[in-house]
Undergrad: 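Questions regarding the structure given below will be posed in turn.
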Number of protein chains: 2
Amino acid sequence: MKRLRNENADLDASDLKILRLLEKDARTSTAELARAVGLSAPSVAERIRKLQENGVIEAYTVRINPAALGMKLSAWLRIRPVPGQLAVVTEIIRDLPEIALCDRVTGEDCFIALAHVGSVAELERVIDRIIPYAMTNTAIIQSSPVEPRSLLDGLKG
Amino acid sequence: MKRLRNENADLDASDLKILRLLEKDARTSTAELARAVGLSAPSVAERIRKLQENGVIEAYTVRINPAALGMKLSAWLRIRPVPGQLAVVTEIIRDLPEIALCDRVTGEDCFIALAHVGSVAELERVIDRIIPYAMTNTAIIQSSPVEPRSLLDGLKG
DNA sequence: CATGAAAACAGGTCTTA
DNA sequence: TAAGACCTGTTTTCATG
């Protein structure tokens with residue numbers, strides 16, 4: 001049987017199937033997962049426990065529609081702190097709840113951040129907090145040709 | 001009572017609490033949610049059903065650690081198709097399972113995409129698929145000053 | 001496999017439009 | 001009076017030792 005082996009994880013076809021099912025609906029019961037993969041419920045529970053322990057499964061979360069919460073505008077910000085202000089910018093970003101995600105990256109831009117806001121005015125307030133200490137470049141999201149997609153899609157089995 | 005009102009949703013404090021708890025652990029049982037918010041289990045189940053129906057809750061998913069699956073390298077790609085090749089580039093991106101996420105954006109770059117790969121060689125293969133039809137700019141993720149954060153953090157109540 | 005917990009379902013009450 | 005939110009039982013299903 002095909003196995004995916006790393007220092008942390010050692011996944012077989014059943015593990016992958018469980019992960020795929022949980023990705024589609026994290027609230028699927030152990031019993032139902034068991035039926036789908038053809039194992040006993042305790043066996044599936046044990047596999048899930050191990051996937052968590054190994055750090056393969058980091059968390060179970062709910063995907064919330066930003067627009068339904070009034071966040072009708074989303075934007076990617078590229079942020080390039082002026083010399084000496086990197087720590088300050090990091091702190092400001094951490095303090096802005098509108099920033100849903102921020103990665104430190106290589107290249108001329110130091111950070112890439114995702115902001116969800118209710119209006120252009122709100123977006124301006126976010127940028128105004130950062131701009132004293134960094135150059136920013138804002139790209140408003142128009143659509144998503146690729147909806148958040150599974151890491152598992154690239155794996156066979 | 002404070003309410004968050006939109007065309008789709010009309011959330012009260014209990015709904016927000018339920019969403020926050022599900023965000024922390026989407027597998028929390030209805031019974032436990034009920035205890036936490038001080039309602040009966042059927043009542044909480046009904047609220048959750050409505051949140052799904054209203055599109056506030058889009059999905060329950062599991063967060064998988066890319067590194068645990070051998071994807072040790074993640075990168076942001078900015079992609080700017082050469083004139084006339086936008087449709088082709090869109091198709092290529094859709095066909096690349098390494099691309100976990102891709103947004104169409106305003107500005108000089110047309111797309112922003114997130115890729116998870118196992119190695120630099122694999123990253124090169126991804127870029128090589130795109131580069132005949134677009135200018136790309138690749139920024140490798142070094143760290144994440146802001147871990148994926150709740151949309152609800154900005155809301156009071 | 002057995003037991004305690006939880007989910008699903010079915011009325012029933014109270015409030016509000 | 002009708003709709004909606006919530007509650008209390010009961011039955012079935014599930015989690016887990």
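Chain letters run A, B, ... following the sequence lines, proteins first and then strands; every chain starts at 1. If you're wondering where the values come from, they're calculated on a predicted model, not measured in any experiment.
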Undergrad: Quick one, give me the B/S/- string for nucleotides 5-17 of chain D, reading 5' to 3', where B means a protein heavy atom under 4.0 Å from the base and S means that only happens at the primed atoms, P, OP1 or OP2.
TA: SSBB-----SSB-
Undergrad: Just checking B/Arg129: does its CZ atom have more than 12 heavy atoms from other residues, nucleotides or ligands closer to it than 6.0 angstrom?
TA: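 Open: at most 12 neighbouring heavy atoms sit under 6.0 Å from CZ of B/Arg129.
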Undergrad: Stepwise, does the side chain to side chain contact (heavy atoms under 4.5 Å, CB included) test hold for A/Leu69 with B/Leu11?
TA: CA-CA 9 Å; A/Leu69 260 38; B/Leu11 310 179; 3.7 Å; yes
Undergrad: State which residues pass salt bridge (charged side-chain N to carboxylate O under 4.0 Å, His left out) with B/Glu46; sequence neighbours excluded, sorted by chain then number.
TA: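 B/Arg49, B/Lys50.
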Undergrad: Considering the options A/Ile93, A/Val126, A/Asp109, which one meets the side chain to side chain contact (heavy atoms under 4.5 Å, CB included) requirement together with A/Leu77?
TA: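 So the option named by the test is A/Val126.
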Undergrad: Among A/Leu151, A/Leu51, A/Leu22, exactly one meets side chain to side chain contact (heavy atoms under 4.5 Å, CB included) together with B/Ile64. Which residue is that?
TA: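 Single side chain to side chain contact (heavy atoms under 4.5 Å, CB included) partner of B/Ile64 among A/Leu151, A/Leu51, A/Leu22: A/Leu151.
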